[in-house]
Chemist: 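Structure provided below as structure tokens; questions to follow.
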Number of protein chains: 2
Amino acid sequence: MTVDAFAVLAEPSRRRILERLRHAESSVGDLVDALGMSQPAVSKHLRVLREAGFVTVRTAAQQRIYRIDVRPLRAVDDWLGPYRRLWADHLDALERHLDRQE
Amino acid sequence: MTVDAFAVLAEPSRRRILERLRHAESSVGDLVDALGMSQPAVSKHLRVLREAGFVTVRTAAQQRIYRIDVRPLRAVDDWLGPYRRLWADHLDALERHLDRQE
DNA sequence: GGTTCATATGACTGTCAAGGAATACGGGGG
DNA sequence: CCCCCGTATTCCTTGACAGTCATATGAACC
């Protein structure tokens with residue numbers, strides 16, 4: 001996970017790949033068909049995702065089956081933690097405000 | 001918010017700015033001192049953050065006071081939603097597994 | 001063992017964003 | 001009114017990255 005998770009997610013195509021892998025693991029060819037982009041492009045994005053820990057690979061005959069790994073996403077989720085508190089506090093303040101209105 | 005929130009967050013310096021603004025609103029000069037980078041660099045990052053909705057500006061005399069706005073972060077949080085389910089399910093499965101072990 | 005299928009990789013090109021230096025802008029104080 | 005302070009903007013250079021095309025790898029099948 002030496003790579004920056006946010007930088008990896010900055011690429012829309014990579015998010016689309018993750019979106020697809022969220023529902024089911026897929027071979028490279030499946031992704032090529034589903035996303036309508038060239039095979040080398042897909043393979044390169046998969047490499048980036050793999051090196052950042054977002055996906056794992058398994059070899060099945062002549063295919064490589066990619067599967068999502070949620071750990072980097074949990075890291076992003078953790079990063080959001082303190083900020084989440086921010087809008088929770090705002091909601092609390094809003095509620096108090098509305099209570100006072102009554 | 002026409003800009004991609006993930007692309008904005010991909011820049012470490014911008015995350016550092018947000019981290020700082022999470023605790024307190026700041027003038028540009030404050031951020032320059034705190035982050036140890038050039039004033040133009042900070043101003044440019046603030047512009048990106050502003051155009052993506054991450055921060056708002058207020059003018060106080062000759063200073064511009066920047067304040068965090070959590071809405072784009074909530075969008076990121078929402079994006080994570082479906083994936084969060086993924087590892088919640090995994091945790092459930094683990095619990096069931098451990099229960100069966102007893 | 002050579003061919004075919006699925007995928008990875010390399011070389012190359014175009015694009016875009018970040019950083020620095022210099023400069024413009026705009027309000028405030030003398 | 002001129003100057004100064006804080007900040008924004010412009011120009012320029014440089015580096016990173018995505019996409020394409022072509023080719024390499026490697027397993028399976030005949």
Side-chain angles (χ1 to χ4, degrees), chain A residues 1-21 23-69 72 76, chain B residues 1-21 24-69 72 76 79:
Chain A
M1 243 204 293
T2 47
V3 198
D4 184 353
F6 283 102
V8 174
L9 294 178
E11 248 300 318
S13 307
R14 285 196 284 265
R15 291 205 298 275
R16 295 212 299 146
I17 291 179
L18 285 181
E19 201 68 20
R20 197 97 205 308
L21 293 181
H23 298 102
E25 50 180 29
S26 310
S27 71
V28 178
D30 288 348
L31 293 170
V32 169
D33 295 346
L35 309 183
M37 61 176 136
S38 79
Q39 177 266 315
V42 171
S43 280
K44 285 178 188 177
H45 283 308
L46 285 171
R47 181 192 176 116
V48 174
L49 287 168
R50 177 163 32 92
E51 290 179 343
F54 284 89
V55 298
T56 56
V57 210
R58 161 172 54 100
T59 302
Q62 60 278 48
Q63 305 191 0
R64 310 290 178 93
I65 309 296
Y66 282 84
R67 184 192 186 91
I68 197 172
D69 187 334
V76 172
Chain B
M1 242 204 294
T2 47
V3 198
D4 184 352
F6 284 102
V8 173
L9 294 178
E11 248 300 320
S13 307
R14 285 196 284 265
R15 291 205 299 274
R16 295 212 299 145
I17 291 179
L18 285 181
E19 201 68 21
R20 197 100 204 308
L21 293 181
E25 49 180 29
S26 310
S27 71
V28 177
D30 288 347
L31 293 169
V32 169
D33 294 347
L35 309 182
M37 59 177 135
S38 79
Q39 178 266 315
V42 171
S43 281
K44 287 177 192 172
H45 284 307
L46 285 172
R47 180 192 178 118
V48 174
L49 287 167
R50 178 162 32 91
E51 289 179 343
F54 284 89
V55 298
T56 57
V57 211
R58 159 171 55 99
T59 302
Q62 61 278 46
Q63 305 191 1
R64 311 289 179 93
I65 308 297
Y66 281 84
R67 184 193 186 91
I68 197 172
D69 186 336
V76 172
W79 181 87

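Order of the sequence lines sets the chain letters (A, B, ...), proteins ahead of strands, with each chain counted from 1. Treat the numbers as computed from the prediction; the structure is a model and nothing was measured.
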Chemist: Can you confirm whether B/Tyr66 sits close enough to B/Asp30 that some side-chain heavy atom of one is under 4.5 Å from a side-chain heavy atom of the other?
Modeler: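 Not touching, per the 4.5 Å side-chain cut-off.
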Chemist: Measure CG/A/Asp33 against P/C/dA6 and give the value in whole Å, please.
Modeler: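 A/Asp33 atom CG is separated from C/dA6 atom P by 10 Å.
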Chemist: Return the set of residues passing side chain to side chain donor-acceptor pair (under 3.5 Å) with B/Ser38 (not counting sequence neighbours), or none when no residue passes.
Modeler: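 None.
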Chemist: For a salt bridge (charged side-chain N to carboxylate O under 4.0 Å, His left out) check, start with the C-alpha distance between A/Arg15 and A/Glu19, then their side-chain angles and the critical distance, and finish with the verdict.
Modeler: CA-CA 6 Å; A/Arg15 291 205 298 275; A/Glu19 201 68 20; over 6 Å; no
Chemist: So, OP1 or OP2 of D/dA8: does either fall under 4.0 Å of a side-chain N or O from B/Arg47?
Modeler: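 Checking D/dA8 against B/Arg47, no side-chain N or O comes under 4.0 Å of OP1 or OP2.
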Chemist: Would you indicate whether the side-chain heavy atoms of A/Ile68 and A/Leu49 approach each other to under 4.5 Å?
Modeler: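 SC-SC contact between A/Leu49 and A/Ile68 ruled out.
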Chemist: Can you measure B/Asp30 atom CG to D/dC5 atom C1' for me and round it to whole angstrom units?
Modeler: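 Distance check: B/Asp30 CG to D/dC5 C1' gives 14 Å.
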Chemist: To the nearest 0.5 Å, what is the distance between CD on A/Glu25 and CZ on A/Arg58?
Modeler: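 Output value for this atom pair is 4.5 Å.
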Chemist: Within this structure, what is the CG-CZ distance for the pair B/Leu21 and B/Arg14, rounded to the nearest 0.5 Å?
Modeler: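 Nearest 0.5 Å value for the CG-CZ distance: 13.5 Å.
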Chemist: Calculate the interatomic distance between B/Leu46 atom CG and C/dA18 atom P; express it in whole Å.
Modeler: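 Taking atom P of C/dA18 as the reference, CG of B/Leu46 is at 13 Å.
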Chemist: Once you round it to whole Å, what is the distance between P of D/dT7 and CG of B/Leu35?
Modeler: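 Atom-to-atom, B/Leu35 to D/dT7, this comes out as 13 Å.
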Chemist: Starting at atom CG of B/Leu9, determine the distance to atom P of C/dA17, rounded to an integer number of angstrom.
Modeler: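 Whole-Å distance recorded here is 15 Å.
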Chemist: Where do A/Val48 and A/Val3 land on the side chain to side chain contact (heavy atoms under 4.5 Å, CB included) test, with the steps shown first?
Modeler: CA-CA 9 Å; A/Val48 174; A/Val3 198; 5.6 Å; no
Chemist: Heavy atoms, side chains only, cut-off 4.5 Å: are B/Val55 and B/Ile17 in contact?
Modeler: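 Result no, sub-4.5 Å side-chain heavy-atom pair not found.
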Chemist: Could you identify which residues of residues 56-66 of chain B place a heavy atom less than 4.0 Å from some atom of DNA chain D, listed by residue number, or say none?
Modeler: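 Only B/Gln62, B/Gln63, B/Arg64, B/Tyr66 qualify.
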Chemist: Please tabulate the protein-to-nucleotide N/O contacts below 3.5 Å involving nucleotides 15-23 of chain D, giving atom names and distances.
Modeler:
unit_1 : atom_1 : unit_2  : atom_2 : d
D/dA18 : OP1    : A/Arg14 : NH1    : 3.0
D/dA18 : OP1    : A/Arg14 : NH2    : 2.8
D/dG19 : OP2    : A/His45 : NE2    : 2.6
D/dT20 : OP2    : A/Ser38 : OG     : 3.1
D/dT20 : O4     : A/Lys44 : NZ     : 2.4

